[in-house]
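One-based numbering along the sequence shown. The model shown is predicted, which means the values in this text are computed figures rather than measured ones.
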Amino acid sequence: MADYEFQQLHLPRGTSRGDARRILTEHAEYGLWELDRLTIRRDGSRKVVLRRRIIRQLRTF
């Protein structure tokens, strides 16, 4: 089973679709995050949950 770490982003109501795409693309390219969940709220803001796999180093003797 893979372990993941999560990051939450809040994009306010006035954020355009293009700006939201640019922000998520930067997180994906430079931070190796992937989209886990996107929720559009009634007020028009977006709640984004990103995840990335935790890579654990194994000891070698």
Quick one: CD on Gln8 to CZ on Arg37, what's the gap to the nearest 0.5 Å?
10.0 Å
If you link I, L, V, M, F, W and Y whenever their side-chain heavy atoms are under 4.5 Å apart, who else ends up in the same group as Tyr4?
Phe6, Val49
Do His27 and Leu9 touch side chain to side chain, with heavy atoms closer than 4.5 Å?
yes
Can you run down the salt bridge (charged side-chain N to carboxylate O under 4.0 Å, His left out) pairs that involve residues 5-15, sequence neighbours left out, and say none if there aren't any?
Glu5-Arg52
Compare all side-chain heavy atoms of Leu50 with those of Asp36 and state whether any distance is below 4.5 angstrom.
no
So, Thr25 side chain and Arg21 main chain: donor-acceptor pair closer than 3.5 Å or not?
yes
Please check this pair: side chain of Arg46 against backbone of Thr15, looking for a donor-acceptor N/O pair closer than 3.5 Å.
yes
Please tell me if the side chains of Leu58 and Arg56 come closer than 4.5 Å, counting only heavy atoms from C-beta onward.
no
